[in-house]
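I have placed the structure first, in the form of structure tokens, so that the comments after it can refer back to it.
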Amino acid sequence: MRIDKFLNAVNITKRRSVAQDMIANGVVLINDLVAKASKNVEIGSIITINYLKEAKKYKVLQIPVTKSTPKSLQHQYIEEI
């Protein structure tokens, strides 16, 4: 699954366009490499998002098969490190 779709599907971002903007500005990293929108996410990947005041890291546990997942099931797909 593409990184922009993944961020939206697991509710890290509210809209896919927000995820695309973050990726375009270089604040999203996959395994410590700056991500491009076409980059695929794999199980075990570490996603880092550099916000203005802090950075958050997530470990990919599972790839969702649906377009969106309920926020209550977010823990099945990602784990905050």
Side-chain angles (χ1 to χ4, degrees):
M1 179 179 271
R2 290 168 51 114
I3 181 66
D4 55 345
K5 282 186 176 182
F6 181 82
L7 292 175
N8 185 42
V10 297
N11 298 308
I12 293 176
T13 60
K14 289 190 181 240
R15 290 183 298 281
R16 187 171 169 197
S17 60
V18 172
Q20 289 170 334
D21 286 343
M22 292 171 73
I23 293 165
N25 288 313
V27 298
V28 179
L29 307 164
I30 299 176
N31 297 327
D32 295 325
L33 298 172
V34 176
K36 294 183 180 178
S38 61
K39 178 74 175 163
N40 284 328
V41 177
E42 299 171 355
I43 295 173
S45 296
I46 305 294
I47 298 172
T48 306
I49 301 176
N50 295 314
Y51 295 104
L52 292 174
K53 295 184 179 183
E54 63 180 334
K56 290 194 175 187
K57 289 189 174 197
Y58 303 96
K59 183 175 182 181
V60 178
L61 303 176
Q62 194 173 322
I63 305 294
V65 292
T66 59
K67 187 176 180 180
S68 64
T69 58
K71 192 131 177 123
S72 61
L73 298 178
Q74 187 180 33
H75 67 280
Q76 292 179 359
Y77 299 100
I78 56 172
E79 171 188 3
E80 191 169 346
I81 304 173

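Remember, predicted model here, so these are calculated numbers, not experimental data.
- Sorted by first then second residue, the side-chain hydrogen bond (donor to acceptor under 3.5 Å, both in side chains) pairs that include residues 27-49, not counting sequence neighbours, number zero.
- In this structure, L61 stands alone, with no Ile, Leu, Val, Met, Phe, Trp or Tyr side-chain heavy atom under 4.5 Å from its own, directly or through other members.
- The minimum heavy-atom distance between A55 and N50, with the atom names listed, is CB-OD1, 3.3 Å.
- By the criterion of side-chain heavy atoms lying less than 4.5 angstrom apart, applied directly or through intervening Ile, Leu, Val, Met, Phe, Trp or Tyr residues, I43 is grouped together with M1 in one hydrophobic cluster.
- Annotation for F6 and Y77: closest pair CZ-O, 4.3 Å, computed over non-hydrogen atoms.
- Through side-chain heavy atoms spaced under 4.5 Å, either directly or across other Ile, Leu, Val, Met, Phe, Trp or Tyr residues, I81 is tied to I46.
- Under the side chain to side chain contact (heavy atoms under 4.5 Å, CB included) criterion, I12 pairs with L7, V10, I49, Y51, Y58, Q74, I78, sequence neighbours left out.
- Among pairs with a residue in residues 7-22, those fulfilling side-chain hydrogen bond (donor to acceptor under 3.5 Å, both in side chains) read D4-R16, D4-Q20, at least two apart in sequence or across chains.
- Rounded to the nearest 0.5 Å, atoms CD1 (I23) and CZ (R2) are 8.0 Å apart.
- I3 and A37 make their closest contact through CG2-O, 3.8 Å (heavy atoms, listed as atom of the first residue, atom of the second, distance).
- We find the NE2-CD distance between H75 and E80 to be 14.5 Å, quoted to the nearest 0.5 Å.
- Here V34 sits in one hydrophobic cluster together with L29; the rule is ILVMFWY side chains under 4.5 Å apart, joined directly or through other members.
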